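First the structure, in the form of structure tokens, and then the observations on it.
Chain A is the first sequence line, chain B the second, and so forth, proteins listed ahead of strands; every chain is numbered from 1. If you're wondering where the values come from, they're calculated on a predicted model, not measured in any experiment. Keep in mind that the numbers below use all heavy atoms, side chains included, and drop hydrogens, waters and symmetry copies.
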2 protein chains.
Amino acid sequence: MDAATGRNHTMRTQAVLRRQILAGELPGGTRLYEVALAERLDVSRTPVREAMARLVEEGLLERGPKGGFAVRAFETADVLDTIELRGVMEGMAARLAAERGADPAALAGAQEVLARLDACFAGDETDFDAYAEANREFHALLARLAGSATLERELERIARLPFGSPSAFLPFRMQAGEFRDILRVGQHEHRMLVEAILRRQGARAEALAREHVRPAQENFRRLFGRGDAPPLSPAMALDPPAAG
Amino acid sequence: MDAATGRNHTMRTQAVLRRQILAGELPGGTRLYEVALAERLDVSRTPVREAMARLVEEGLLERGPKGGFAVRAFETADVLDTIELRGVMEGMAARLAAERGADPAALAGAQEVLARLDACFAGDETDFDAYAEANREFHALLARLAGSATLERELERIARLPFGSPSAFLPFRMQAGEFRDILRVGQHEHRMLVEAILRRQGARAEALAREHVRPAQENFRRLFGRGDAPPLSPAMALDPPAAG
DNA sequence: ATCTTCGTAAATGTATTCATTTTGGGAGGA
DNA sequence: TCCTCCCAAAATGAATACATTTACGAAGAT
């Protein structure tokens with residue numbers, strides 16, 4: 001229980017387990033026993049149970065039919081489909097925003113984030129960290145533009161799944177030069193997306209949002225093998241959720 | 001704790017609370033206190049906590065920022081968006097099934113369910129109950145046709161939200177004659193959907209699945225006021241989830 | 001040899017007690 | 001009057017003891 005994350009035993013346990021799951025230290029299918037975990041983390045069973053229940057809410061664990069918890073298996077195909085689903089849902093958000101007319105304040109916020117994203121390319125060096133943060137903000141704003149609490153909530157949920165976050169691949173960097181170009185294209189799509197929403201072009205906005213996730217899928221394939229490789233385990237400890 | 005549902009205190013508590021939430025007896029925003037509930041249901045705080053945690057997973061409760069649970073508010077707009085979201089996700093499932101080629105066994109199962117749905121119209125009387133059950137099966141199969149565990153899981157989740165189920169409106173019956181006709185149209189859409197998947201027509205399959213949820217939205221508006229009425233409370237006790 | 005049965009150990013379910021945090025109101029002062 | 005501080009009550013967090021269920025293997029019968 002090293003991590004100082006969280007203010008009580010439950011949250012610390014939750015943080016430790018989340019990190020270990022996302023880092024691949026606990027492979028998919030691993031069953032987690034309350035007593036063993038409680039001893040290992042030096043807390044009682046109660047906060048362990050509580051933490052595991054919350055990790056089920058996050059989608060990282062699942063309950064066994066007769067009690068007990070197990071780490072969810074995230075196979076390559078699952079991850080690719082998660083990214084696809086994010087594209088579909090963000091597409092719905094963009095379409096709704098265009099059709100219903102987006103909240104002016106939220107739109108202004110989106111413009112501001114766009115400017116900040118541009119600033120990341122200003123110098124010779126690309127500021128990847130700033131881009132990751134602003135990118136996250138942009139996608140969160142997109143969810144809000146639709147004015148649908150349900151959609152916003154479900155999108156947040158998807159973003160916590162492994163590689164479900166819009167900025168999930170930014171920590172990898174790849175070849176900096178090529179990567180910078182990829183991000184430039186992405187930023188162009190951001191601008192087109194906001195323009196489409198402003199012009200009330202629902203179908204265009206939806207198509208753009210869907211296409212926008214393709215690089216993420218491609219990056220994933222490049223990093224972790226093509227198609228239907230075995231469950232992934234290597235360093236997935238990235239882009240931790242905002243709160244527990 | 002009347003209900004004999006479930007085999008232990010946790011599941012019974014969960015069932016009781018779920019029923020009361022869906023029935024509108026606990027309006028959105030109502031805070032649920034562990035001690036009060038434990039006394040009312042004559043169990044200890046432990047199973048109450050556990051049951052509430054599981055209801056958060058189902059999406060019926062939410063956690064307060066500083067602990068505690070509250071009933072989620074389901075406004076008219078939220079419900080309409082939930083139905084829309086189901087359409088979008090089923091659209092993705094149909095498209096994937098068409099693009100990737102659906103599992104033959106699952107397709108055969110779908111054909112069998114289609115036949116059973118037809119049978120509900122055989123006599124002069126429409127068998128609404130049988131239709132509701134078969135309809136649920138059909139939509140579950142649709143989720144499986146896509147061959148995506150992630151999508152299947154998220155669709156299941158949507159189906160447990162209030163009015164998120166494909167058969168959510170069948171218990172209402174409305175005017176039997178008109179309703180029969182609506183169902184006939186729906187059944188025609190089912191057939192077209194399967195045909196589109198068989199012919200690998202992804203875009204058509206997606207469009208059909210999306211359109212297929214419109215009657216549900218319309219029914220909801222007719223039953224609970226148009227547009228942006230206040231939170232709904234009247235009898236939403238219908239279509240209980242399969243398991244706890 | 002294999003299948004059933006039964007017992008034991010392990011794991012989860014529940015209750016109870018104690019600890020900590022949060023909340024709300026009232027006393028006191030500016 | 002209003003603001004602040006502080007205390008008490010209430011609510012959640014955590015630990016522990018006990019109960020029940022499940023899993024697994026060994027012993028015995030067929």
Checklist line | Phosphate OP1/OP2 of C:dA11 contacted by A:R49 side-chain N/O (<4.0 Å) | finding: no
Margin query: Please report the distance, rounded to the nearest Å, between CD in B:E50 and C1' in C:dT12.
Written below: 10 Å
Notebook entry, point to check: Will you find, in the side chains of B:H212 and B:E90, an N or O donor that is under 3.5 Å from an N or O acceptor?
Noted result: no
Checklist line | A:S44 side chain, from C-beta outward: closest of C:dT14, D:dA15, D:dA11 | finding: D:dA15
Next item on the list: Verify the distance criterion only: is there a donor paired with an acceptor across the side chains of B:D81 and A:T150 at less than 3.5 Å?
Entry: no
Check: How close or far is atom C1' of C:dA11 from atom CZ of A:R31, stated in whole angstroms?
Finding: 7 Å
Margin query: For B:F169, run the ring-ring contact (aromatic ring centres under 6.0 Å, His included) check against B:F163, B:F128, B:Y131 and tell me which one passes.
Written below: B:F163
Notebook entry, point to check: Nearest-Å distance, CZ (B:R45) to C1' (C:dA15)?
Noted result: 11 Å
Notebook entry, point to check: Which of these nucleotides, C:dT12, C:dT16, D:dT12, is closest to any side-chain atom of B:T46?
Noted result: C:dT16
Check: Out of D:dA14, C:dA15, D:dA23, which has the shortest distance to the side chain of B:V43?
Finding: C:dA15
Notebook entry, point to check: Rounded to whole angstroms, how far apart are CZ on B:R54 and P on C:dT12?
Noted result: 12 Å
Margin query: Could you report the tightest heavy-atom contact between B:Q217 and B:L80, atom names first, then the distance?
Written below: NE2-O, 3.2 Å
Next item on the list: Round to the nearest Å and state the distance from A:Y33 atom OH to D:dA23 atom C1'.
Entry: 10 Å
Check: For D:dT12, does OP1 or OP2 lie under 4.0 Å from any side-chain N or O of B:R63?
Finding: no
Margin query: Taking the minimum atom-to-atom distance to the side chain of A:T10, which one of C:dT14, D:dA14, D:dT22 wins?
Written below: D:dA14
Notebook entry, point to check: What nucleic acid atoms does A:L37 come within less than 4.0 Å of, heavy atoms only: base, sugar-phosphate, or nothing?
Noted result: nothing
Checklist line | Distance, rounded to the nearest Å, where B:E39 contributes CD and D:dA10 contributes P | finding: 11 Å
Checklist line | B:H9 side-chain N/O to C:dA15 phosphate OP1/OP2 under 4.0 Å | finding: yes
